[in-house]
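Everything numeric in this text was worked out from a predicted model, so none of it was measured. The figures that follow rest on heavy atoms only: side chains count, while hydrogens, waters and symmetry mates do not.
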Amino acid sequence: MDSTAKKKGFPNAMVVVAVIMVICAILTWIIPAGKYDVIEGTKILDPATYHTVDRTPVGPWGLLQAVFGGMSSASNIIAFTFMVGGLFNVLIETKAVDGFVGYLVRTFGDRASLVIPVLVFIMSILGATGVMANPVVAVIPIGVILAKRLKLDQITAVAVLFLAAYGGYATSPMCPMTIQVAQKIADIPVMSGFGFRCVIWIVFFIPTVIYIMRYVRKISADPSSSIMGTESFANQSAENADIAFNLRHALALIGLAAGLGVYTYGSLKLGWGMQEMATIILIIAMFGAFITGLGVDGFIQGFLKGARQMAFSAMLIGLASGVSVILNSGNILHTIIFGLGTALNSIPHMLAGPLMYVFNLLFNFLVNSGSGQASVIMPVMAPLADVVGVTRQAAVTAFQLGDGLSNVIFPTSGTMMACLAAAGVDYKEWMKFAFPLFLVWAVMGFITVMIVVALGIA
């Protein structure tokens, strides 16, 4: 997840990464320098070729230079982040998504068994595409209105919108800010493994919708069983709840679906990557702005607003990439990989990938930006996968699930805390609801990574 929110009592992710950079610079003076040879014709490390080399420790000047070096090395990802964030926000500014969610609420009325599964499915899809990551906060008031009409609690509002969106985000086959960034850093084809990732999304979606519906049925039958007790919906905002959904909004959403379909085909059949993704989203945003009457000025303002929202994430990507610059400049990256590989090789092969997943799950508490975490983790995990004998695709899967799933429970998740505040849900109440599902997700993630390793999916 990409968020600028700072939580009281928790260090800013920028501070965490800066501290990691300083530690890495110090380690270049302590850890022996070493290198692996690369298998001819590939960028894959040969695990049998580790050897020591001369030390090249990084001093204060080199540490500061690594900031710009990281920005430069990640320039294409940073540009992609700004562009995609800005263009997706143009779609949000057209109010097409808000209007559609409001339309569903009005259409289905009080039929919870119909409206909730439909909304959970739609929000999961929007989360998987990256459209409804941070912007999900904007539609929480609509979820509150829905919960009122269905005589449910505010937890339901957050579950149907935020939890569903981030379930899709965490298991996405194509999210530009996580899976595509990680694959590019790991030097494997962007959008590779799309088919098996679709299966992963479906497998995680099913227990999610079942879990939400089980809670809905329980409190519908007995309102006193709500985790929030009998608290009212007083003082909850209804902003965006009454936006009329019209033909123009429908055409904008059809354009989004068509554009993402074209990109999916192009990435699978024509080898398209980030440049084509950004171009397709540009076309989608231009079409949406035109068809809804947002206009040129509205397009520009929407883009700039979205780009500003991504500034923290973009800077974090550059700073995080500086970690890799320091490790490579000091020639200790491969030594660290050698040490980790030796440790992982002492355990059953099948557990190497799952342990990477567990590490990412915990690390997400400190660096809660998906693209930022990818920039810190993947330069180490991708070559580590070569050394321990698992595919880089497995390493990407371990990162993706580890990064995404814990966004629904960690208080360092800015978007989650904002959604809870918008709905009037206390964090303790949310944890009481969401933690059991997270435990199910966490176990499923462990098993999923183990299966990917066992099948050798590349």
Side-chain angles (χ1 to χ4, degrees), residues 17 19-58 182-183 185-188 320-367 373-403 445-458:
V17 174
V19 170
I20 292 173
M21 290 180 68
V22 172
I23 293 172
C24 289
I26 294 172
L27 290 177
T28 64
W29 294 83
I30 300 172
I31 297 176
K35 283 281 188 182
Y36 281 101
D37 293 333
V38 176
I39 297 174
E40 188 176 352
T42 73
K43 293 185 179 181
I44 298 174
L45 302 187
D46 184 342
T49 61
Y50 176 78
H51 57 280
T52 59
V53 297
D54 293 336
R55 284 180 179 271
T56 54
V58 176
Q183 287 180 328
I185 294 173
D187 197 39
I188 60 178
S321 298
V323 173
S324 179
V325 171
I326 292 170
L327 295 177
N328 280 303
S329 298
N331 281 320
I332 65 169
L333 175 60
H334 287 188
T335 303
I336 292 173
I337 292 168
F338 176 74
L340 292 173
T342 301
L344 289 176
N345 279 326
S346 65
I347 64 173
H349 172 73
M350 289 287 293
L351 293 179
L355 285 178
M356 293 181 184
Y357 155 74
V358 172
F359 173 78
N360 275 277
L361 201 68
L362 300 175
F363 189 75
N364 193 44
F365 183 87
L366 298 175
V367 180
Q373 186 174 337
S375 298
V376 174
I377 294 297
M378 288 313 302
V380 176
M381 282 187 52
L384 176 61
D386 301 338
V387 173
V388 299
V390 302
T391 66
R392 293 193 173 195
Q393 197 73 262
V396 169
T397 304
F399 151 75
Q400 180 191 15
L401 295 178
D403 160 69
F446 192 93
I447 295 171
T448 298
V449 176
M450 188 178 291
I451 292 172
V452 173
V453 171
L455 296 179
I457 298 175

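- When side chains are defined from C-beta on, Gln393 counts as touching Gln183, because their heavy atoms get closer than 4.5 Å.
- Considering only heavy atoms from C-beta on, Ile26 comes within 4.5 Å of Ile30 through its side chain.
- Within the model, atoms CE of Met378 and CZ of Phe399 stand 7.5 Å from one another, a figure rounded to the nearest 0.5 Å.
- The side chain to side chain donor-acceptor pair (under 3.5 Å) contacts involving residues 448-458 comprise nothing, where partners must be two or more places apart or lie in separate chains.
- Considering all non-hydrogen atoms of both residues, Asp46 and Tyr36 come closest at O-CD2, 3.2 Å.
- Pairing each heavy atom of Phe363 with each of Val376, the nearest pair is CZ-CG1, 3.9 Å.
- Taken to the nearest 0.5 Å, the CZ atom of Phe359 stands 11.0 Å off from the CG atom of Asn364.
- Heavy-atom minimum distance, Val453 versus Gly353: CG2-CA, 4.0 Å.
- The shortest heavy-atom contact between Ala382 and Arg392 is O-NE, 3.4 Å.
- Between Tyr50 and Val387 the shortest side-chain heavy-atom distance does not fall below 4.5 Å.
- Atoms CD1 and CZ, from Ile31 and Phe338 in turn, are 13.0 Å apart once rounded to the nearest 0.5 Å.
- Residues Thr391 and Ile457 approach most closely at OG1-O, 2.6 Å, considering heavy atoms.
- Between Thr397 and the choices Val390, Val449, Ile451, the side-chain contact (heavy atoms from CB on, under 4.5 Å) rule is met once, by Val449.
- Exactly one of Leu27, Val58, Thr28, Leu333 qualifies for a side-chain contact (heavy atoms from CB on, under 4.5 Å) with Leu327. That residue is Leu333.
- Taking the side chain as every heavy atom from C-beta outward, Leu340 and Leu384 approach each other to under 4.5 Å.
- Applying the salt bridge (charged side-chain N to carboxylate O under 4.0 Å, His left out) rule to pairs touching residues 449-458 yields nothing, sequence neighbours excluded.
- Met356 CE to Leu344 CG: the interatomic distance, rounded to the nearest 0.5 Å, is 6.0 Å.
- With rounding to the nearest 0.5 angstrom, the CD1 atom of Ile337 is 6.0 Å from the CG atom of Leu45.
- Atom CG of residue Asn331 and atom CZ of residue Arg55 lie 11.0 Å apart, to the nearest 0.5 angstrom.
- When all heavy atoms of His334 and Gly34 are compared, the closest pair comes out as CB-O, 3.6 Å.
- Ser324 contributes no side-chain N or O that, together with a main-chain N or O of Pro379, makes up a donor-acceptor pair within less than 3.5 Å.
- Annotation: side chain of Asp37 is in contact with side chain of His51 (closest heavy-atom distance under 4.5 Å).
- Residues Ile185 and Ser375 have side chains in contact (heavy-atom distance under 4.5 Å, counting atoms from C-beta outward).
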